[in-house]
Amino acid sequence: MILIKLGGSVITDKAEYRKFNRETVSRLADEIRRSGEQVIIVHGAGSFGHVVSKQYALQKGHQNDDQIPAVARVMCDTRELSSMVVEELLAKDIPAVSVPIGSCFVADGGKLIVDNEEPLRRLTDLGIMPVMFGDVLTDRKMGFSIVSGDQVMEYLCKMYDPEKVIFVSDIDGLYNKNPKTEKGARMIGTVTRKKMEEIAMESNVDDVTGGVRNKMEAMLRMTDSRRHCYLVNGNAPERLYHLLKGETVTCTVAKGGLE
Ligand code: IPE
């Protein structure tokens, strides 16, 4: 099984509130189906989550009651996005069902708590793919918190022990600086623990590279001696398909574990 996250930057237009990139999602669903691989998909929230969350500072947890209608709004928007993703999968004959994390789980201080795997296991045993996504979730300490699709990926990685983990984004791979805003950004083809330490040293870990380091660490956490984790551009047609088929494509690959 291969675990895939479709990032919010690919499935939505992050600059426009609730803009779904239907054609891209349909193409990616087709690439997945043609690969013949068994996959589990997680997706991000993109402009269905980040716009309102930022406006009401939902990442801080419950601070005032003006936030409450915004929490319900985001939960409604992310569910709508997820239904649209699932429609595109069903259209390609991939049996999938949207499973909002709030329907079976809670968070504790921003961390996803999964205390009952039975609903997920029963779906996958039937051959139905549970599609989970980054969302606002009720939280034991904070009232509510934002749990990213990346956190869900880490959990599912432990639970299902996939052969590969793939993050589908709108960039060709991981860069040492933001390639969209900074000159001289260099793509990092392979991430290992050693490489991560070298890059952190050479760039003094400012905010941007701190973000890159976090992403490297998160990717490495999902690797071990045999499982690699990839970051690939979903806007480039056929790249996900070839990666799923085990071919070499432009991407960043993390390997070797974090220890
Ligand atoms: C964010 O999830 C969830 C909310 C903002 C409600 P992600 O962090 O997984 O989403 P993307 O991939 O960045 O859009």
K.L.:
Within the 3.5 Å criterion, strictly below it, is a donor on Thr124 or Tyr160 matched to an acceptor on the partner's side chain?
P.N.:
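Indeed, the side chains of Thr124 and Tyr160 share at least one donor-acceptor pair under 3.5 Å.
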
K.L.:
So, Glu163 side chain and Met1 main chain: donor-acceptor pair closer than 3.5 Å or not?
P.N.:
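Side chain of Glu163 to backbone of Met1, a donor-acceptor pair under 3.5 Å: yes, one is there.
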
K.L.:
List the atom of Ala45, the atom of Gly134, and the distance in Å for their closest heavy-atom pair.
P.N.:
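Minimum heavy-atom separation between Ala45 and Gly134: CB-O, 3.9 Å.
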
K.L.:
Is any side-chain N of the basic residue among Glu238 and Arg34 closer than 4.0 Å to the acidic one's carboxylate O?
P.N.:
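So Glu238 pairs with Arg34 through a salt bridge.
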
K.L.:
The test is side-chain contact (heavy atoms from CB on, under 4.5 Å); show your working for Val165 and Lys5 and say whether it passes.
P.N.:
CA-CA 8 Å; Val165 176; Lys5 181 186 173 195; over 6 Å; no

K.L.:
Could you walk me through whether Met129 and Val39 pass the side-chain contact (heavy atoms from CB on, under 4.5 Å) test, one step at a time?
P.N.:
CA-CA 8 Å; Met129 183 211 302; Val39 306; 3.7 Å; yes

K.L.:
Indicate if Leu137 and Ile68 have the same hydrophobic cluster label, given that clusters are the connected sets of ILVMFWY residues with side-chain heavy-atom separations under 4.5 angstrom.
P.N.:
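Different clusters.
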
K.L.:
Indicate yes or no: does Arg18 engage Glu80 in a salt bridge with an N to O separation below 4.0 Å.
P.N.:
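Answer for the salt bridge query: yes.
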
K.L.:
Spell out, yes or no, whether Ile128 and Met132 are grouped together once hydrophobic residues are joined by side-chain heavy atoms under 4.5 Å, including indirect joins.
P.N.:
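Yes, one cluster joins them.
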
K.L.:
Is the CD atom of Glu247 crowded by more than 12 outside heavy atoms at less than 6.0 Å?
P.N.:
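Result for CD/Glu247: enclosed.
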
K.L.:
Can you tell if the side chain of Asp135 reaches within under 4.5 Å of the side chain of Val147, non-hydrogen atoms only?
P.N.:
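No. Closest side-chain heavy atoms not under 4.5 Å.
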
K.L.:
What's the shortest heavy-atom distance between Val42 and Gly149, and which atoms?
P.N.:
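That closest heavy-atom pairing would be CG1-O, 3.5 Å.
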
K.L.:
Measuring from Leu220:CG to Thr192:OG1, what's the distance to the nearest 0.5 Å?
P.N.:
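If we round to the nearest 0.5 Å, Leu220:CG and Thr192:OG1 are 7.0 Å apart.
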
K.L.:
Pair Arg33, Asp30 - check salt bridge (charged side-chain N to carboxylate O under 4.0 Å, His left out), show working.
P.N.:
CA-CA 5 Å; Arg33 184 193 52 86; Asp30 192 58; 2.8 Å; yes

K.L.:
What distance separates Leu240 CG from Lys245 NZ, expressed to the nearest 0.5 Å?
P.N.:
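It comes to 12.0 Å.
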
K.L.:
Check the hydrophobic clustering (I, L, V, M, F, W, Y; side-chain heavy atoms under 4.5 Å; chains of links allowed) and say if Ile101 and Val114 are grouped together.
P.N.:
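Same cluster.
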
K.L.:
Do Met159 and Val97 land in one hydrophobic cluster if side-chain heavy atoms of ILVMFWY residues count as linked below 4.5 Å?
P.N.:
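Yes: a chain of side-chain contacts under 4.5 Å links Met159 to Val97.
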
K.L.:
Is the shortest heavy-atom distance from the side chain of Ile11 to the side chain of Thr24 under 4.5 Å?
P.N.:
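No; the side chains remain at least 4.5 Å from each other.
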
K.L.:
Atom CG of Leu244 and atom CD of Gln38: how far apart are they, to the nearest 0.5 Å?
P.N.:
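With rounding to 0.5 Å, CG (Leu244) is 12.5 Å from CD (Gln38).
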
K.L.:
Students often mix this up, so state it plainly: with edges at 30° and 60°, are the rings of Phe20 and Phe48 parallel, tilted or perpendicular?
P.N.:
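Aromatic pair Phe20/Phe48 classed perpendicular.
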
K.L.:
Verify salt bridge (charged side-chain N to carboxylate O under 4.0 Å, His left out) between Glu88 and Arg27, making sure each step is shown before the conclusion.
P.N.:
CA-CA 9 Å; Glu88 297 309 317; Arg27 176 177 51 73; over 6 Å; no

K.L.:
Check the pair Phe144, Leu58 against side-chain contact (heavy atoms from CB on, under 4.5 Å), reporting the backbone distance first and the verdict last.
P.N.:
CA-CA 8 Å; Phe144 56 79; Leu58 301 187; 3.9 Å; yes

K.L.:
If you measure only the distance, is there a donor-acceptor pair under 3.5 Å linking the side chains of Asp77 and Tyr17?
P.N.:
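Yes - a donor-acceptor pair under 3.5 Å links their side chains.
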
K.L.:
Working to the nearest 0.5 angstrom, can you tell me the gap between Phe105 CZ and Leu120 CG?
P.N.:
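If I round to the nearest 0.5 Å, the distance is 4.5 Å.
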
K.L.:
Looking at side-chain heavy atoms only, is the closest gap between Ser53 and Ile146 below 4.5 Å?
P.N.:
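Answer yes - side chains close enough.
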
K.L.:
For residues 109-120, pull every pair meeting side chain to side chain donor-acceptor pair (under 3.5 Å), keeping only residues two or more places apart or in separate chains.
P.N.:
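As it turns out, the side chain to side chain donor-acceptor pair (under 3.5 Å) pairs with a partner in residues 109-120, which skip direct neighbours, are Glu117-Arg121, Glu117-Tyr155, Glu118-Arg122.
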
K.L.:
Evaluate the side-chain proximity of Thr190 to Ile188: yes if any heavy-atom separation is below 4.5 Å, no if none is.
P.N.:
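Not touching, per the 4.5 Å side-chain cut-off.
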
K.L.:
May I ask you to decide if Asn64's main-chain N or O and Gln67's side chain share a donor-acceptor pair within less than 3.5 Å?
P.N.:
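Yes.
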
K.L.:
Okay, side chain of Ser47, backbone of Glu16: is any donor-acceptor separation there less than 3.5 Å?
P.N.:
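Here the side-chain-to-backbone pair exists.
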
K.L.:
Has Arg186 got its NZ or CZ under 6.0 Å from the middle of the six-membered ring of Tyr175, at an angle within 45 degrees of the ring axis?
P.N.:
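Pair Arg186/Tyr175 does not count as cation-pi.
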
K.L.:
Taking all non-hydrogen atoms of both residues, which atom of Leu231 and which atom of Gly173 are closest, and how far apart?
P.N.:
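In terms of heavy atoms, the two residues are closest at CD2-C, 3.5 Å.
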
K.L.:
I need the Thr223 OG1 to Leu258 CG distance, nearest 0.5 Å.
P.N.:
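If I round to the nearest 0.5 Å, the distance is 7.5 Å.
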
K.L.:
Quick one: do Ile166 and Val232 satisfy side-chain contact (heavy atoms from CB on, under 4.5 Å)? Show the steps, please.
P.N.:
CA-CA 7 Å; Ile166 302 177; Val232 68; 3.7 Å; yes

K.L.:
Kindly indicate whether the side chain of His228, heavy atoms from C-beta on, has any atom under 4.5 Å from the side chain of Lys164.
P.N.:
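SC-SC contact between His228 and Lys164 ruled out.
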
K.L.:
Restricting to pairs with a member in residues 91-104, which pass side chain to side chain donor-acceptor pair (under 3.5 Å), not counting sequence neighbours?
P.N.:
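Qualifying pairs: Ser82-Ser98.
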
K.L.:
Of the non-hydrogen atoms in Asp139 and Gly110, which two are nearest, and what is the gap between them?
P.N.:
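Minimum heavy-atom separation between Asp139 and Gly110: OD2-N, 2.8 Å.
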
K.L.:
What is the minimum heavy-atom distance between Ala96 and Leu89, and which atoms define it?
P.N.:
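Where Ala96 meets Leu89 most closely, the heavy atoms are CB-CD1, 3.9 Å.
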
K.L.:
Measuring from atom CE of Met219 to atom OH of Tyr230, what distance do you get when rounded to the nearest 0.5 angstrom?
P.N.:
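Between Met219 CE and Tyr230 OH, I get 9.5 Å after rounding to 0.5 Å.
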
K.L.:
Show the nearest heavy-atom pair for residues Val10 and Asn21, with the distance to one decimal.
P.N.:
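What the structure gives for the nearest pair is O-ND2, 3.0 Å.
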
K.L.:
When you compare the side chain of Leu81 with that of Thr12, does any pair of heavy atoms fall below 4.5 Å?
P.N.:
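Thr12 vs Leu81: side chains touch.
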
K.L.:
Group every Ile, Leu, Val, Met, Phe, Trp and Tyr by side-chain heavy-atom contacts under 4.5 Å, then state whether Val86 and Ile94 land in the same group.
P.N.:
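Per the 4.5 Å side-chain linkage, Val86 and Ile94 are co-clustered.
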
K.L.:
For residues Arg227 and Asp161, determine if any side-chain heavy atom of one lies less than 4.5 Å from a side-chain heavy atom of the other.
P.N.:
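Heavy-atom side-chain distance check passes, below 4.5 Å.
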
K.L.:
Examine the side chains of Thr250 and Asp172 and answer whether a donor and an acceptor come within less than 3.5 Å of each other.
P.N.:
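Looking only at side-chain atoms, Asp172 and Thr250 do not form any donor-acceptor pair under 3.5 Å.
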
K.L.:
So do Thr252 and Val191 actually touch side chain to side chain, heavy atoms under 4.5 Å?
P.N.:
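Yes, their side chains come closer than 4.5 Å.
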
